[in-house]
Amino acid sequence: MIHVALSPTEIRRFAALNLDGVTAIVFDVLRATTSIVTGLAHEVTKIIPVSNIEEAQALKEKDPSVILAGERGGLPIEGFDVGNSPAEFAELAGRTVVMTTTNGTFAIKSVSHASRVYIGALVNLDALADVIFRTRPKRLLLVCAGTGDEFSLEDAIGAGALIARLPDDSGLSDAAIMARSLYERVGDDMLEWFRHTRNGRALLKIGKGADLVDCAQVSRYDVTGILQGDAVVAAK
Ligand code: MLT
């Protein structure tokens, strides 16, 4: 069975639910999960998602070699080493990154007790589909991180694009059928759609148009991120 969680309100409830036997894939296409996958594709050692700025700073105090990454309102956080752009994550080979973003890292933390947690993005769609095809989880939960308190279209497009790559016999919830239909409507026109989403418009406004292009590259990387303990690493 495949279900898609479409809103931050639904995601918030997962923290208190038993997710034993569930494989979760978290999508924050613009931009947190795309940045994570990009980092892993460029040999970042691991990425530790944390809930807030103070937690990130405390980890840096303990280990000054870590890179602090993230955003608030789309902008880099004061005192942090990098923001939340995929291109920045491509320059961090061999480093451990501690990351806090508004929705993406929160969504990862909310389902961290699932049996498996993968990081979803358009940039590694085929690699993800391959893992799901090989492991055949009985319960697949696609978590669309959203923007602020709201649903966001780009995450649903990502979830739908993955569903469209999975075998037809996977049972789909109503939300999963909706996400797949949305993707069928979008087709290869991802970038154009991203430019019209709430998050896409906000990123364009702060001069991050290049990030939209990076986030719209389908299956650019053959890597899958998996949560192991408190860190996301490249799945072997
Ligand atoms: C988030 O986690 O809320 C997003 O990645 C925001 C952003 O695009 O920076």
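Counting starts at 1 for both ligands and their atoms, in listed order.
- Atom 1 (C) of ligand 1 has its closest protein heavy atom at Asp28 OD2, 3.1 Å.
- For atom 3 (O) of ligand 1, the nearest non-hydrogen atom of the protein is Asn103 N, 2.8 Å.
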Intermediate values then yes/no, side-chain hydrogen bond (donor to acceptor under 3.5 Å, both in side chains), Asn84 and Thr101: CA-CA 8 Å; Asn84 187 27; Thr101 68; 5.1 Å; no
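- The side chain of Glu71, and not its backbone, has at least one atom closer than 4.0 Å to an atom of ligand 1 (non-hydrogen atoms only; side chain from C-beta on).
- Residue contacts with ligand 1, taken as heavy atom pairs separated by less than 4.0 Å, involve Leu30 solely via the backbone atoms N, CA, C and O.
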Ring pair (Phe, Tyr, Trp, His ring centres under 6.0 Å) between Tyr221 and His42, worked out: CA-CA 9 Å; Tyr221 302 122; His42 291 86; 5.5 Å; yes
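- For the pair Asp214 and Arg31, the salt-bridge criterion is not met [side-chain N within less than 4.0 Å of a carboxylate O].
- Contact annotation: the side chain of Leu6 approaches that of Met178 to within less than 4.5 Å [non-hydrogen atoms, C-beta and beyond].
- For ligand 1, the polar-atom distance check finds an N/O of Gly104 within less than 3.5 Å of one of the ligand's N/O atoms.
- Using a 4.5 Å cut-off on side-chain heavy atoms (C-beta onward), Ile25 and Val143 make no contact.
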Steps toward side-chain hydrogen bond (donor to acceptor under 3.5 Å, both in side chains) verdict (Thr38, Arg220): CA-CA 9 Å; Thr38 302; Arg220 177 186 227 174; over 6 Å; no
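- Contact atoms of ligand 1 toward Ala32: 2 (O), 5 (O) (distance under 4.0 Å to a heavy atom of the residue).
- Considering backbone and side-chain atoms together, Thr105 places no N or O closer than 3.5 Å to any N or O of ligand 1.
- The shortest N or O to N or O distance between Leu203 and ligand 1 is not under 3.5 Å.
- From the protein, the heavy atom lying nearest to atom 9 (O) of ligand 1 is Arg31 NH2, 2.6 Å.
- Closest to atom 7 (C) of ligand 1 among all protein heavy atoms lies Asn84 ND2, 3.3 Å.
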Derivation and outcome, salt bridge (Lys or Arg N to Asp or Glu O under 4.0 Å), residues Arg195 and Glu192: CA-CA 5 Å; Arg195 289 197 174 107; Glu192 198 42 39; 3.3 Å; yes
